[in-house]
Amino acid sequence: MIRAEGLGIRFHQGRKRNLRLRELVFYGTSRDPYRGDFWPFRDVSFDIRPGEAVGIVGRNGTGKSTLLRLIAGVLIPDEGSVRIGGKVAPLLELSAGFSGDLTGRENVHLVGSLHGMSAADLRRRFDRIVDFAGEQVRRSIDSPVRHYSSGMRVRLGFSVIAQLEHPILLVDEVMAVGDAEFRAKCYDTMEELLAQGRTMVLVSHEESDLTRFCTRGLFLHEGQLAVDGSMAEAIRAYKEVTTSS
Amino acid sequence: MLSVLVRRDLAVKYQQSVLGYLWSLIEPLTMALIYWFIFGLLFDTQIPGGGSYPMFIISGIFAWAWFNSAINESTSALTSQSLLVTTINMPREMFPLGKVLGRFAEYVAGLPILIGAAVVFDAQITWRTLVALPLAVILQFALLAGISLLLSAATVMLRDVERFVRLFVRILFYAAPIIYPLSKVYESQTLPEWAKRLYVADPLVGIFQLHHAAWFPDEFPSLRLLAFTVAGTLIVLTAGVLLFRRLEPSVLKEL
């Protein structure tokens with residue numbers, strides 16, 4: 001379903017100058033092209049089968065979210081490749097891509113249709129989406145999203161993404177923001193989606209969330225995929241690293 | 001997907017203004033009025049083949065309004081919509097192209113005014129109208145697509161581009177026969193020959209001659225000028241597509 005081969009990405013450290021004009025025109029003429037570069041990870045390979053739920057753990061800055069973005073196709077790798085066997089429903093960085101100046105309603109339509117929901121689909125599911133997001137969101141569905149609290153934004157975002165029928169679900173640290181009631185709803189939905197046979201990749205720091213859903217764990221450490229095994233194994237390795245330092 | 005983006009773009013643009021899309025007509029018409037006052041009334045500009053100077057300005061200024069706003073907005077197309085670009089996997093080209101298309105919709109909204117003006121100023125509506133106008137629109141579309149791809153990606157890497165573009169676009173305005181007839185340039189005694197050649201290399205010259213030719217048959221560009229224009233447009237379009245592809249990985253990291 002998701003196959004990563006030799007995956008690596010490079011970021012530039014220090015953004016004093018992002019681009020030299022001649023780099024625009026010529027290839028690799030920069031005297032020292034690798035100075036100040038930083039690879040969050042390199043040579044990462046894995047193969048996720050349909051229906052699997054995979055949790056990614058690692059310390060801050062080890063590239064968990066970056067990996068999710070590569071899978072979602074909103075970053076392009078510098079090395080290797082990711083192949084995806086179906087459409088992806090991504091919930092990245094606590095936002096489904098909402099624009100602050102549009103109302104909740106407009107955002108639901110925009111993001112829904114950009115993810116491939118038809119107008120009929122949207123009409124049919126709109127009430128369900130708003131219901132799921134909760135009473136607070138329903139009351140302000142016609143006011144701009146920039147007035148929403150971060151909790152409300154995440155709820156609406158999760159509601160839209162959860163209504164997509166795409167086979168792959170990517171979730172990045174969503175549960176951390178919602179309140180207890182919303183968490184419970186999220187858990188139910190994710191269990192439901194998994195029961196339908198969807199594939200899920202989850203990034204979280206919450207051990208309970210990870211063990212609850214994920215059967216397989218990936219542990220990113222020091223620029224490598226250190227563990228690819230059961231969720232328990234990945235968490236154990238992660239804990240060893242965090243307690244020893 | 002493209003239509004979703006364009007519709008959203010128009011909705012956002014006009015949601016908080018009372019006059020709404022009328023602004024896309026008021027602005028070029030006001031500019032036309034200013035240029036008519038200076039170059040028509042004060043300097044008494046004449047169109048070589050006869051015909052009304054106000055109509056000449058209007059036929060150029062609406063197309064220019066499209067060009068100008070499309071360039072300015074597509075420059076920030078990726079930076080201003082970074083939240084969408086970084087969460088939804090779709091062809092990134094759609095963001096700048098959507099801006100070009102959105103501003104084209106405004107141009108289309110102004111077409112009735114253009115045709116109305118042609119009737120009022122007694123312009124010559126001939127078969128050339130039906131040839132020149134679509135040809136001008138197609139070429140302008142291709143040119144804008146190239147420029148918008150180039151600029152939208154370049155801005156992400158180098159924010160100075162945005163300021164530079166605003167200045168450069170102003171130069172382009174006076175460097176193309178929009179408010180003055182092309183013959184003024186050809187007939188100029190003080191302009192050296194190489195400058196004239198450079199002038200004609202700008203694809204906007206041919207495109208705006210086509211916009212004028214729709215109502216002023218004498219302005220119809222020569223085959224040589226047309227060839228220059230098509231070649232120039234294709235070069236810019238290719239450069240835009242290639243550069244966008246080349247910068248795309250870095251652009252996504254920077255957003």
Side-chain angles (χ1 to χ4, degrees), chain A residues 9-12 15 17-21 23-25 27 38 40 65-66 68-78 82 84 87-103 106-107 109-117 119 122 144-145 153 157 161 166 168 170 172, chain B residues 1-17 76-95 98 102 149-162 164 239-240 242-255:
Chain A
I9 190 163
R10 181 178 66 217
F11 285 101
H12 301 279
R15 305 173 24 135
R17 258 180 105 189
N18 298 326
L19 184 86
R20 293 184 191 97
L21 218 73
E23 275 175 76
L24 245 169
V25 186
Y27 282 77
F38 155 71
S65 299
T66 303
L68 226 49
R69 293 185 162 233
L70 285 165
I71 297 172
V74 296
L75 273 180
I76 298 171
D78 291 302
V82 198
I84 308 292
K87 283 189 176 176
V88 177
L91 195 55
L92 305 170
E93 283 199 358
L94 311 177
S95 129
F98 290 163
S99 334
D101 45 358
L102 293 179
T103 67
E106 288 166 334
N107 267 307
H109 279 99
L110 171 69
V111 170
S113 43
L114 286 180
H115 274 303
M117 268 198 212
L122 270 167
V145 163
R153 235 173 284 180
I161 299 302
H166 301 171
I168 301 170
L170 306 177
D172 190 355
Chain B
M1 261 191 185
L2 203 53
S3 78
V4 172
L5 273 185
V6 172
R7 259 181 288 146
R8 162 196 179 244
D9 189 49
L10 292 172
V12 174
K13 192 167 176 188
Y14 294 124
Q15 68 180 352
Q16 272 163 351
S17 72
S76 57
L78 290 171
T79 43
S80 67
Q81 301 178 93
S82 59
L83 270 177
L84 276 184
V85 182
T86 52
T87 45
I88 299 181
N89 181 18
M90 49 195 271
R92 260 69 64 169
E93 286 87 351
M94 285 196 183
F95 292 96
L149 286 171
L150 205 143
L151 291 179
S152 63
T155 311
V156 178
M157 314 303 292
L158 204 69
R159 301 287 157 127
D160 317 41
V161 169
E162 219 169 330
F164 171 74
L242 290 181
L243 200 84
F244 193 88
R245 272 205 212 131
R246 170 146 159 65
L247 286 182
E248 201 176 6
S250 323
V251 162
L252 291 174
K253 286 179 202 166
E254 284 300 329
L255 279 173

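Each chain gets a letter, A, B and so on, in the order its sequence line appears, and its residues count up from 1.
Side-chain contact between B:Asn89 and A:Val88 is absent, with no heavy atoms from C-beta onward closer than 4.5 Å. Counting heavy atoms from C-beta on, the side chains of A:Asp78 and B:Lys253 come closer than 4.5 Å.
With sequence neighbours left out, the salt bridge (Lys or Arg N to Asp or Glu O under 4.0 Å) criterion links A:Glu106 to no other residue. Taking B:Thr86 as the reference, A:Arg69, B:Leu255 meet the side-chain contact (heavy atoms from CB on, under 4.5 Å) condition, with sequence neighbours excluded.
Proximity to chain A (any heavy atom under 4.5 Å) is restricted, for B:Arg92, to the side chain, taken from C-beta onward. Using a 4.5 Å cut-off between heavy atoms, B:Val85 touches chain A through its backbone atoms (N, CA, C, O) alone. Both the backbone and the side chain of A:Leu75 come within contact range of chain B, each with at least one heavy atom under 4.5 Å from a heavy atom of that chain.
Between A:Ser99 and B:Arg8, the shortest heavy-atom distance links the atoms OG-NH2, 2.9 Å. Looking at every heavy atom in both residues, A:Pro90 comes nearest to B:Thr87 through CG-O, 3.4 Å. Taking all atoms of both residues into account, the shortest heavy-atom contact from A:Ser113 to B:Val4 is OG-CG1, 3.5 Å.
Summarising the geometry, atom CG belonging to A:Leu92 is positioned 10.0 Å from atom CD1 belonging to B:Ile88; distances are rounded to the nearest 0.5 Å.
Heavy-atom pairs under 4.5 Å with chain B were tallied for A:Leu110, A:Val111, A:Leu170; the largest tally goes to A:Leu110.
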